[in-house]
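Single-structure report; data block below.
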Amino acid sequence: MNILMTGMSAVLCIAMLGAALLAIRVKGDDSLPLSILAAGLVSLFASVLFLILAAPDVAMTEAAIGSGLTTFLFFFLLARIRGTAQTVDKNDGSALDGRDYD
Amino acid sequence: MIYMAMATGFLLILIGFYGALTNRNLLRMIVAFTLANTGVNIVIVAIGYMHGRTAPILDAAVTASAAAARIIDPVPQALVLTAIVIGLGVTALMLAYAYKLYERKGTLDIAQYTDLKW
Amino acid sequence: MVNALYLIVAALTAAFLLGFLNPARRSAAYTITLLALTFMSCVSASWVWEFAVNNAAPVDIFTAGTEPPFAINLRMGLHEAALTLLVNLTGLLSALYLKDALFALGRRGMAVLLVAVMALCGIILTRDIFNLFVFFELAVISTAGLMLFSDDSRALAAGFKYLIVSQVLSVFFLIGIIFAYHATGTLNIDGMAEASLGMKTGGSIAFFMLFIAVVAELKPFPANGWALDIYESAHPAFAAIFSAATGAAAIYATDKLLLIGGAEWLPISTGIGIVTFLAANLLALPQTNDRRLLAYSSIAQTGLILAVLGQRDILGDSAPFIAGGLLFSHAIAKAGLYWLSGLIAGRELADWAILRSRPLLIFAFVTFIAMLSGLPPFPGFYAKWELVHMLAGEGRLALLAFILIGALIEAAYLFRWFGYIIKREQTDQTIACTPFQITPILAAVVGGWALGLVWGDLSASHFGQSNLLLALPLLFALSFLLLDWLPAWVKNTLAIAGMVAFFTLTYAEYDPLRLIFAIIFLIGGAIIFLASYDAHGRRIGFYPAAMLMYAGLTMLIRATDTFGFFAAWELLTLGSYFLILRGKRSEPHALSYVIFSLGGAFLILAGFALAAQGAPQFDLTSLSQLTQPLAPWVFLLLAIGFMTKTAAIGLHIWLPGAHSEAETDVSPMVSGILLKAGLFGLMVLLMSMGKQQLYGVELTHVLLWIGALSALLGNLMAIFEEDAKRLLAYSSIGQMGYALFGLALMNHLGWLMALMFVINHYIYKSMLFLSAGGVAKRTGTRDMYKMGGLITLMPLSFIATLIGIIAVSGVPPLSGFGGRWIFYNAILTTDYRLPMIIIFFAGPIAFLYLFRLIHTIFLGQLKDEHRKLKEAPFWIILPQMIFVALLMIFAMFPGLALRRVDTYLNQFFPEGGLSWAGNTITSSYGYWNPIAIMIIVCVIFGTLFAWLLFVNRRAQKVKQFNIVFSAERPFRPETTHYAWNFFAPYRKALGFLVQPFATRFWGTLTDLLHTTADLTRRLYDGNGQSYVFHLFAFIVVVYLMRIGV
Amino acid sequence: MQFDWMKIPYSLLTLFIVVNYGFLLGALIQKMGARAGRRYGIPIWQNYVDMLKNYSMRSSITHGAMFYLGPVFRLSGGVGLLLFVPTIYGSYMFSNLSFAGDLILALYFVFFGTLGMALGAGESGHPHAAIGITRGLSQVSTAELPFALAVFSVALQYQTLSVTDIVAAQQGGMMNWTLFTNPLAVAAAMLAFLGTMMRPPFDVVVAPQEIPIGPPTEYHSSYLAMMQTNRAIFPIAKIVIYMNLFFGGADSWPVFFFKVFLIYLWSAFVGVVFPRFRVEQSIRWFLIWAVPLGILSIVLV
Amino acid sequence: MIKRFITLLLLAGIGAIFASLLFTYVPDSELNRTADYYAGHTASDIGAANIVTAIIVTYRGLDTLGEVTVLFLASSIVGLVLSLGQKQHKTQRNRVAVGELLTTGSRFLAPLIMLLGVYVFVNGHLTPGGGFQGGAIIASGMLLLLLADPLRHFSHTLIATLESFSGLSYVALGVLGLFMAGGFLDNRILPTGTLGELISAGAIPLIYSLIGLKVGAEFSSMLASLSETEDLK
């Protein structure tokens, strides 16, 4: 069981790191949702890891708040910003993607 | 396993910091910080974990008298709970700020918000 | 006593209660907010009372019915009580101030404010590390929220930057907490301290993280750009909270944390603190935005306090006294200044000139900057004194030097700002402010003075110093603040009466040396005050400043220990600064005066501290017991300090402007009287320490050179001056050079000569300044070449000037000759010949500028525009005539003043005294009979004069002009009076000697500082990411330092 | 040394002798200068003539108080200077009023006359007068420096400031004179002497006043007479100091006359030989040549 | 490029700090003093089966009060931020067409989700989960409703009242502890009951429920503020 658990957590950890890198490195005009989703995924994996680490309370919280509510908040806001962007956008679309100008 | 989890946690923190330093988009910076927060949570929980013990909940299997030898440290878990909620509060706040900033200037680029300097 | 938990309960209850209210019912919500904050303040106040007055023991408050470390506990002790009182009062007063903003934002805004105050109290009270984290996060979030109160649209961005930084910090905090917990098995701060965290595996790094997270809240350089932005853009009332309350809480949290870290972390705290202190003060120099300036100052002060916390190993039980003194001074002053800034529309420093429409607010401002600069009688002064003494006692001299340098820079920009307020163009509008805005400011003023009293009391009871606010002269001076509504002549009478009365009450207490100074300071001051009757109206601000200076002077000669001496020194500096600043164009000069003076004062402080070697109290007379290798250094520091006041060459650049731009009756005060303070200091120094060698160099010999050079160059510069009062000012440099020379001779006659100069210089320089001032008043200019021929119009002023210049030049029979005679006798006994040669040269040169003074003003052709001038006002002439009489009396009977001193000096220099047989004064080399000289000269003079008058008894008065030009019109009217560039040949021959080397040196130094600061502050480019960058850099550097340790 | 009333007639006697000697000496020197320039020169009694004429004339013009004060200051300075220094060594009669003060008094009283001159000229109201004064003061201030140094050197040498004591120390043969015991000081003082005598080459000072309408033109009749008197007394009073300090003083009137004549001649001699200096030139000249000598004399004494 | 390099360098430094923490870490083999106390005393003193809950609600109750306050603060400030300058804001809300399925589904699901939330926090002292998780679940119910009908107005007054009520009651219970039990937030103002039963562990279920309500209300308020920003014209 231990080996199973260890193996599983190893996979989880790698997946988390991968998702995290995806979240910060993904590029492109419409990459923000992907980024948010990836971050949510990290949280979700983390909550599984918490379960393995014998922390059910934390796991529940992380799942509900970390991956659930936070992701929703992000999307909620993204939608608002897009809504605003279409009407008050002064920066012809590029404003939304304010990254990597250097 | 503890080490692995902890290393993952630390790496997540570093990835988060790296993301926050290299992405100029406000929302992406916030995303990066949630990653870092998750990493912190993993580290904390990993520290409380003890090999071969169970969650700190008393039930038929883990009686009150045997608890000391059977359960893992409950304190880090309690701390993480608090930390998660606080993290959410801060994230929500940052999001609201980001939105308002965007509304004011029409950009999410942090390098555009340098009216205050020197 | 009310359980301290109610601080938290009350705030939360109120915050939650607000939710029940209809959002429209703002007044009700506001009332609830105020009530809660008032309640909290009362709770804290009652605890302060309990601890401070009843000496109760600190109380631990347990929660959850479980004892720590298993549950969270809070602690209420004196420090916690005082700090929470500070926090709550700041919150309450800011809430008053924020009334409009709170009404605009509604109940949610009020709730945020309440929670913010609660969180800060929590930070102070809690003894649990994770609880500390929670309260910190609360404080962070509420800070971000309170940024919304600002009208400044940039505040939002600042809040966001802060959130970014705090996210990073919270990561470190949490990691630190959990590893510290892992290492010690507890979350209790005291528990961690007991378990000596640093000893455990990984514990040291865990603590490093905790430390970073908390210290970063103290805005260490360079990781503080976010804080600057917050300060600049926040609502001023919130900036007040952020500076005073948040700062205090964060400092206390650091203090608690250092408990865990133990001694090895103290040097790092000191390092971070002092670097921050210096850097922030330096960066503030080129700042023109008021709030950002205050931000830098806040950061600097916090850094200083951090440095003090880091010195706990040597400060011991005094640490709270010192850190508290600095902290409370800073908090009150900064809160007050931020509140004030809310009343000012413009954001440039110069926009504060509008404060002039409200003298009360100016008083508030002065109180605040005095508190920040650590001037007496405020807590910062006592704290600084003890701090410097303890540092010096333990030999931490580098830190001491850094602290003093930083403090000097800080004083420089604060006083520069004050100069702007008093002198810059004022716009027409007045300050519009509500009682809600004024109350907090006045409360801060009252609080500042009250704390001054408290700290004075503490200082008296713990270190044996005196409580300055109980000193009679100071109280008398301060009472003029309350009387400022009276007309000037009433106050003038009071001032004169007070000074004369004080002298008559105390004259028996002085030794002969001090008696001379007492007479000059008190009676001499009263005589000069006669000229002040000329002023009309209320003359707001004049009397408090003048009396402050006189109080300082009086306390200076009455001081017996170094503390009293230094306090008096600071007071007289402050008072004279305000006086000098009153002049029309005196802003830059007053600034350089106060910077030089404070710089000198800091050297004196350092010297005293070095001398005391940690002893809290040190008699001035004990200076004589110092031994090598300390003594020469003490001597050097003190001597340079005193020489800034006597304007020895190199340190003189403040004097000409300061003395010449001052008002007519102020110039004699600051020249005739104030300069003597420096001489008094030198006398005290030389009297007790005598000759000192440093690296084989005889220090008195160095002073001798400085004195001689001052005499020569001061006189030379006076020659080329076109401005009458500047000429007199330069002359003062020369005269003080003579006096310094005399003292440095270190023999009986040298000292006597110096005293002679003290008396003479007071009389004739006051007289000449009054005379020149009176003329300037009538002609409307101080440029001598624009005058001429005034002798017939202003005969009394002319007589005063004539007598004055005869006396200054040392021509017999007037009293200046006595000084010269003693001088020659004095130098015959010593071996320092080269400086004497220089001073020989200075003598005839004095004659040149003096002649110029009388010639270009009073002789020659009268200018057309001056034909209808009248004699100077009566009240300006009256003291001049008194001085003429005094001069005559002193010329004939120098023994009146000098005989007792001569005897007195025997105990220091038993050899070489004068013999006073009959009317002849005899030294071992020569003799002199002042009365005979006077009679002979008068007889010859009188005979010839009478004869000439008799022969020409019916001479017809001819218009000068007609006879000179034979009734022809001169080619150009302005060529009728040769006055400009009067000593042109001299300039051709010797002008190279008066190149402004000193001015250039100090100017370059200032420019260098400014440029450095200007370049460095570009670090803060406003980008939130850069701030994170700085933070990381800071963390890594501190870590490397930590490994290096 | 105390005051007693007999000092007053004795002093007046000294004054009388010196005035007469001054008149004659002045004319003599002038005549010698003229002869050196192949002119005939004035008669030896010319000064008496001038004096009688001027004193007997009455002016009806005044410019105000300072106008009186100029000559008065000036002559007071000359007379005072003479009387504060003992003329004949060892003679009670001719010790004058030296009980009132020592060398320093004499040294500083020199300025009394200078001040008076300057004030009087200033009151004349002509710009050129002021120019002359600035030049004069500039020059005197540097010319006095080597003298002061020399005096101090002598005072250091004899460890006293009393003129009588200094002369006393030089008695017993020429080789005891300061001239030989402290030649540097004497050299410095004698160079300084040139500058203070207002003779060529250092007389550019008086030029702007003289040429157009300076004080000497304004001061006529009794004003001028007073100044002429001073012109007779003042140089001699000064020379007396030099004589006492550097040349062993005089123990009788003949020695006095002789020594004074020789010292006076020194300035006259230089005056005919050298051309005029501009003021800044003379300032530099004194600083370069005379002052170092004075410094050396002080350092080496 | 240079900037990126320095970034990496700095992060390497931070990483080194973390690494040294990691490499010096030695797992405990026994519970430390604090944890041991909790393991041994929770059941008898507090009466809660879930030790984490006991710690959160009682032992470290002050933290939790702070935590709740954080949320309260966050929602207040979010509300404040978003209402800032609202009056001038003139943009039209971009209406998103919402499918019929979601609308109906949400109407059906939302109450169930909320019920689940209540269950979670009421059982906080027995099973994993508690006020925070329950509150979050309630909030997701609200979210669902919002998604289904973006124009729906929540009663701010209701939410605010709920917030205030739960918050005040929480504080009041805490103060009761001062008078009736051992100290602030002591749960033993009510009998501890039998371990493992629903009505046990003193005031913990009550407090946790209040926390749940409070958290739910705060989240909902935040969401509501976010959703309504542009509707407040």
Side-chain angles (χ1 to χ4, degrees), chain C residues 789 791-792 806 809-812 817 820-821 824-825 828 833-834 836-837 840-841 843-845 847-848 851 854-855 859-861 925-929 932-933 936-937 940-941 944-945 948-949 951-952 954-958 960-961 963-964 975-979 982-986 988-990, chain D residues 3 58-64 66 68 71-72 75-76 79-80 83 97 99-105 108-109 111-112 115 118-119 122-127 130-131 133-135 137-138 140-141 144-145 148-149 152 155-156 159-162 213 218 222-223 226 279-280 283-284 295 298-299:
Chain C
I791 176 171
T792 46
I806 293 177
S809 59
V811 171
F817 171 69
R820 298 304 199 289
W821 184 83
Y824 275 90
N825 279 287
L828 268 173
R833 299 204 176 143
L834 286 175
M836 279 171 212
I837 293 163
F840 273 8
F841 194 21
I845 291 178
F847 202 69
L848 299 188
F851 177 73
I854 198 159
H855 176 92
L859 305 180
Q861 299 286 347
Y925 305 101
Y927 54 90
W928 164 48
N929 187 338
I933 295 174
I936 292 169
V937 173
I940 299 175
F941 192 90
L944 292 172
F945 192 44
L948 206 56
L949 274 180
V951 172
N952 299 317
R954 257 175 296 179
Q956 183 194 354
K957 183 106 166 55
V958 176
Q960 213 180 23
F961 186 86
I963 199 153
V964 169
T975 57
T976 54
H977 186 46
Y978 175 73
F982 203 62
F983 290 106
Y986 226 74
K988 273 188 205 148
L990 291 177
Chain D
F3 173 75
R58 268 188 52 200
S59 166
S60 54
I61 282 183
T62 170
H63 287 201
M66 215 61 235
Y68 290 112
V72 174
L75 187 53
S76 305
V79 173
L83 294 186
L97 304 174
F99 67 88
D102 49 25
L103 187 54
I104 308 301
L105 176 62
Y108 269 89
F109 206 69
F111 283 109
F112 196 83
L115 178 68
L119 290 177
E123 178 60 4
S124 85
H126 198 282
I131 293 174
I133 295 162
T134 66
R135 292 179 177 181
L137 289 176
S138 306
V140 164
S141 69
E144 285 291 341
L145 180 59
L149 293 173
F152 192 64
L156 279 172
Q159 285 293 302
T160 179
L161 287 169
S162 156
I213 32 177
E218 284 298 308
S222 50
Y223 302 105
M226 225 174 223
V279 173
E280 70 267 20
I283 290 175
R284 285 200 199 105
I295 294 174
I298 283 194
V299 173

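All chains are named by letter (A, B, ...) in the order of the sequence lines, taking the proteins before the strands, and each is independently numbered beginning at 1.
Chosen from C:P844, C:S809, C:P812, the residue pairing most often with chain D at heavy-atom distances under 4.5 Å is C:P812. Of the residues considered (C:V951, C:L848, C:N929, C:I854), C:L848 shows the highest number of contacts with chain D, using heavy-atom pairs under 4.5 Å. Between chain D and the options C:I837, C:I845, C:L948, C:L990, heavy-atom pairs under 4.5 Å are most frequent for C:L948. Each of C:F941, C:F982, C:W928 has some count of heavy-atom pairs under 4.5 Å with chain D, and the biggest count is that of C:F941.
The part of C:I791 that comes within reach of chain D is its side chain, from C-beta onward, which places non-hydrogen atoms under 4.5 angstrom from that chain. Only the side chain of C:F851 comes within contact range of chain D, with heavy atoms under 4.5 Å apart. Using a 4.5 Å cut-off between heavy atoms, D:L149 touches chain C through backbone and side chain atoms alike. Heavy-atom distances place the side chain of C:I936, and not its backbone, under 4.5 Å from chain D.
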Derivation and outcome, side-chain contact (heavy atoms from CB on, under 4.5 Å), residues D:I133 and C:Y978 | CA-CA 10 Å; D:I133 295 162; C:Y978 175 73; over 6 Å; no
Please step through side-chain contact (heavy atoms from CB on, under 4.5 Å) for the pair D:V279 and C:Y986, ending with a clear verdict.
-> CA-CA 8 Å; D:V279 173; C:Y986 226 74; over 6 Å; no
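Listed here is the closest heavy atom pair of C:A989 and D:I283: CB-CG2, 3.6 Å. Across D:M226 and C:L944, no two heavy atoms sit closer than the pair CE-O, 3.6 Å. In terms of heavy-atom proximity, C:P985 sits nearest to D:E280 at O-CB, 3.5 Å.
D:T160 OG1 to C:Y927 OH: the interatomic distance, rounded to the nearest 0.5 Å, is 8.5 Å. Annotation: the span from D:L161 atom CG to C:N825 atom CG amounts to 5.0 Å, rounded to 0.5 Å. Note that the CD1 atom of C:I933 and the OH atom of D:Y108 stand 13.5 Å from one another [nearest 0.5 Å]. Note: D:L137 CG to C:F983 CZ = 5.5 Å, rounded to the nearest 0.5 Å. Between atom CD1 of residue D:I295 and atom CG of residue C:L834 there is a gap of 7.0 Å, rounded to the nearest 0.5 Å. Here the straight-line distance linking atom OH of C:Y824 with atom CG of D:D102 works out to 11.5 Å at 0.5 Å rounding.
For D:F152, the ring pair (Phe, Tyr, Trp, His ring centres under 6.0 Å) criterion is met by C:F840, not counting sequence neighbours. In this structure C:F847 satisfies the ring pair (Phe, Tyr, Trp, His ring centres under 6.0 Å) test together with D:F111, sequence neighbours excluded.
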